[in-house]
Amino acid sequence: MERTDYYSTIFKRRSVKKYDQTPLDKKTLEEISNHIKSLKPMYDNIKTEVKIIPLEQVETKKKQAPHYMAIFSEPKGDYLVNVGYMLQQMDLFLSGNDIGSCWQGSPRPNEDVLKNSDLEFVIVMSFGKPKKSKPEELHRSSASDFKRKPLNEISTVKGADKIVEAARLAPSAGNSQPWFFTGDENMIHVYSSKPYAVKEHKAPKVQKYNIISMGIAIYHLHAALEHFGKKVAILSDENAKTRAPENYEYVVSLKAEYVT
Ligand SMILES: Cc1cc2nc3c(=O)[nH]c(=O)nc-3n(C[C@H](O)[C@H](O)[C@H](O)COP(=O)(O)O)c2cc1C
C-alpha cells in the first residue's frame with residue numbers, strides 16, 4: 001500500500017457501504033495500522049488515538065464491515081473538527097489503495113474496547129473490500145457522479161475554484177454539506193451552518209456529525225492547497241469571525257503561501 005496523491009482521490013472516492021465479509025490479510029492490516037501513526041492532526045495539542053477493531057468488538061445493528069477503526073479524543077477545543085480532519089486522511093488513503101471505507105454514525109466499540117481508552121470515543125469508520133469487486137463500487141468516474149451543492153451555493157472565494165471544488169466534494173453526515181467558504185486563494189475562511197458552537201460533551205448527534213464533517217472539508221482544502229504547491233497555516237482570523245454569512249458561524253481560516 002502506498003500514500004497515493006490524496007488530491008486525485010478526492011475526485012473519485014465514495015463511501016462503501018456493502019462489504020465482502022472476508023477479513024483483509026494480516027499484512028494489509030499492518031500497513032493500515034502503520035499509516036494511522038502518520039496521520040497529521042489539525043491541532044497537535046489534542047490527544048487522539050485510533051484503534052482498528054474487528055467486527056466482534058463492535059456494537060452495530062447491521063453487521064456490515066469486516067473491520068472498523070475507532071477514533072478517541074481528548075474532549076477539548078475543536079476536537080470534533082480535528083477528528084474529521086484526521087480520519088479523512090484514512091478515508092483517502094484506503095480509497096487510493098482500493099479499499100472501501102465509510103464514516104459511520106451509529107456503531108460503537110464494545111465496553112472492553114471503550115474501557116481500554118482514557119479518551120472519549122468519537123466515531124468509527126468501517127473498512128474492507130467492497131461486496132462486488134466492480135470498479136464502480138469503489139470509485140466514481142467523474143465529479144458529476146457526486147451529489148453535491150453547486151460551487152456558487154457554498155463559496156464566494158475568488159480565484160481558487162479548483163481548491164474549493166475539493167472541499168465541495170467532501171463527504172458529510174447525511175450529505176448535509178454544512179460548509180461555506182469566503183476569501184481568496186491566499187486566505188480561505190471556513191464557516192459552518194448554525195448552530196456550530198456547542199459545549200464540549202454536549203453536542204447533540206446531528207450537530208456532532210456536522211462538526212466532524214467540517215474537519216473533513218478542511219482536510220480536503222488543505223490537501224488541495226498542498227497539491228498546488230502551497231504551504232498552509234490554519235489560524236483564527238478575528239475579522240473573518242465578524243463577517244460570517246447569514247446563518248453560518250466561523251470555524252477557521254487557511255492561510256496559503258507558495259513554498260519558496
Ligand atoms: C460524520 C459522518 C457520519 C456518517 N454516518 C453515516 C452512517 O451512520 N451511515 C451511513 O450509511 N453513512 C454515513 N456517512 C456517510 C455519508 O452518508 C456520505 O459521506 C454522504 O452521503 C456522501 O456520500 P459519499 O461519501 O459517497 O460521497 C457519514 C458521513 C460522515 C462524514
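Counting starts at 1 for both ligands and their atoms, following the listed order. Computed from a predicted structure; not experimentally measured.
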Going by ring-ring contact (aromatic ring centres under 6.0 Å, His included), Tyr191 matches just one of Tyr248, Tyr250, Phe180. Which one? Tyr250
Per-atom contacts of ligand 1 with [X], taking only distances under 4.0 Å to non-hydrogen atoms:
X: Ile216; result: 31 (C)
X: Ser172; result: 16 (C), 18 (C), 19 (O), 20 (C), 29 (C), 30 (C), 31 (C)
X: Arg14; result: 26 (O)
X: Ile123; result: 1 (C)
X: Arg13; result: 24 (P), 25 (O), 27 (O)
X: Gly105; result: 5 (N), 6 (C), 7 (C), 8 (O)

Exercise: do [X] and [Y] side chains pair donor with acceptor under 3.5 Å:
X: Ser192; Y: Glu249; result: no
X: Asn210; Y: Ser176; result: yes
X: Gln57; Y: Tyr68; result: no

To which protein heavy atom is atom 14 (N) of ligand 1 closest, and what is the distance rounded to 0.1 Å? Trp103 O, 3.2 Å
Could you find the nearest protein heavy atom to atom 11 (O) of ligand 1 and give me its residue, atom name and distance? Lys17 NZ, 3.0 Å
Within the structure, does Ser213 bring an N/O atom to less than 3.5 angstrom of an N/O atom in ligand 1?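 No, no N or O pair falls under 3.5 Å.
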Could you tell me whether Arg140 and ligand 1 have an N or O pair separated by under 3.5 Å? yes
Any cation-pi pair here, Arg3 with Phe93, using under 6.0 Å and within 45°? no
Less than 6.0 angstrom from the centroid, inside 45 degrees of the normal: does Lys51 satisfy that with respect to the ring of Phe72?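 Yes, Lys51 lies over the aromatic ring of Phe72.
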Heavy-atom proximity to atom 19 (O) of ligand 1 ranks first, among Ala170, Gly84, Pro171, for Pro171
Qualifying salt bridge (Lys or Arg N to Asp or Glu O under 4.0 Å) pairs, either residue in residues 211-223, two or more places apart: none
Lys230: salt bridge (charged side-chain N to carboxylate O under 4.0 Å, His left out) partners, not counting sequence neighbours: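 Salt bridge (charged side-chain N to carboxylate O under 4.0 Å, His left out) check on Lys230 returns Glu185.
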Taking 4.0 Å as the limit for heavy-atom contacts, which would you say applies to Lys147 with ligand 1: side chain only, backbone only, both, or neither? neither
Ligand 1-proximal atoms of Arg148, by part, heavy-atom distance under 4.0 Å: side chain
Mark yes or no for whether Asp5, through its side chain, and Tyr7, through its backbone, hold a donor-acceptor pair below 3.5 Å. yes
